[in-house]
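Contents: one structure, followed by commentary.
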Amino acid sequence: MCPHAPDRDEPCACRKPGVLLYEQAIADHGLDGAASFFLGDMWRDIAPARAFGGRGILIPNEKTPRQERERAAREAEIAPSLTDATARIIAALGNRGTPR
């Protein structure tokens, strides 16, 4: 969790879409960022997928701005529900073999 207040004068590297906390988690847990999935209802949630070569899936809701939906359609993926996003992840993992 980012310890900085969201109303700071300047952005910090750990508040989304910054990637510092993702980098720490990847290092601490031996994760492969390129093999990871980044899900959320806002662009800032899935933007780190681009930094790590992972897969971003936007799951929009009524608060997701139209511009973010359009950007996700061009630069990531859009799933209509968490159930659909989960099915996509399971299908992708099935194509790669059993995760370890």
Side-chain angles (χ1 to χ4, degrees):
M1 182 175 92
C2 173
H4 306 108
D7 57 352
R8 287 176 48 145
D9 290 338
E10 60 208 42
C12 64
C14 56
R15 184 166 292 283
K16 292 186 290 184
V19 296
L20 180 63
L21 294 177
Y22 293 98
E23 289 171 347
Q24 289 175 348
I26 286 169
D28 290 350
H29 301 287
L31 302 173
D32 180 355
S36 296
F37 296 85
F38 298 79
L39 285 71
D41 62 347
M42 297 289 178
W43 178 258
R44 69 178 174 259
D45 300 324
I46 66 168
R50 296 179 68 186
F52 298 107
R55 190 166 162 183
I57 303 175
L58 184 74
I59 307 168
N61 62 35
E62 65 280 348
K63 294 181 182 179
T64 308
R66 179 183 52 80
Q67 298 89 340
E68 294 189 15
R69 293 171 194 245
E70 291 170 355
R71 185 173 185 183
R74 290 188 313 270
E75 301 178 34
E77 295 179 48
I78 298 177
S81 67
L82 182 57
T83 301
D84 183 74
T86 302
R88 293 177 192 204
I89 293 168
I90 291 169
L93 292 175
N95 292 336
R96 285 192 253 171
T98 305
R100 297 176 191 220

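FYI, the numbering just counts along the sequence from 1.
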Inset, instruction - State the CG-CD distance between Leu58 and Glu70, to the nearest 0.5 angstrom. - result: 11.5 Å

Legend entry - side chain to side chain contact (heavy atoms under 4.5 Å, CB included) evaluation trace for Trp43 with Gln67: CA-CA 9 Å; Trp43 178 258; Gln67 298 89 340; over 6 Å; no

Inset, instruction - Would you confirm whether Ser36, through its side chain, and Gly54, through its main-chain N or O, come within 3.5 Å as a donor-acceptor pair? - result: no

Legend entry - Student check: side-chain heavy atoms of Phe38 and Asp45 closer than 4.5 Å: no

Inset, instruction - Compare every heavy atom of Ala76 with every heavy atom of Gly56, then report the nearest pair and how far apart it is. - result: O-CB, 3.4 Å

Legend entry - Euclidean distance, Phe37 CZ relative to Arg55 CZ, rounded to 0.5 Å: 5.0 Å

Inset, instruction - Can you see which heavy atom on Pro48 is nearest to which on Val19, and at what distance? - result: CB-CG1, 4.1 Å

Inset, instruction - Spell out, as yes or no, whether a donor-acceptor pair under 3.5 Å connects the side chain of Glu68 to the backbone of Met42. - result: no

Legend entry - Smallest separation among heavy atoms of Leu39 and Ala85, with atom names: CD2-CB, 3.7 Å

Legend entry - Donor-acceptor under 3.5 Å (Arg69 side chain, Thr64 main chain): yes

Inset, instruction - Supply the atom-to-atom distance Ile59 CD1 to Thr83 OG1, rounded to the nearest 0.5 angstrom. - result: 9.0 Å

Inset, instruction - State, to 0.1 Å, how close Ala25 and Leu31 come at their nearest heavy-atom pair, and which atoms those are. - result: O-CD1, 3.9 Å

Legend entry - Distance in Å, Ile78 CD1 paired with Asp84 CG, rounded so as to fall on 0.5 Å steps: 11.5 Å

Legend entry - From Asn61 atom CG to Leu82 atom CG, the distance as rounded to the nearest 0.5 Å: 12.0 Å

Inset, instruction - Rounded to the nearest 0.5 Å, what's the gap from CZ on Arg88 to CD1 on Ile57? Could you check? - result: 6.0 Å

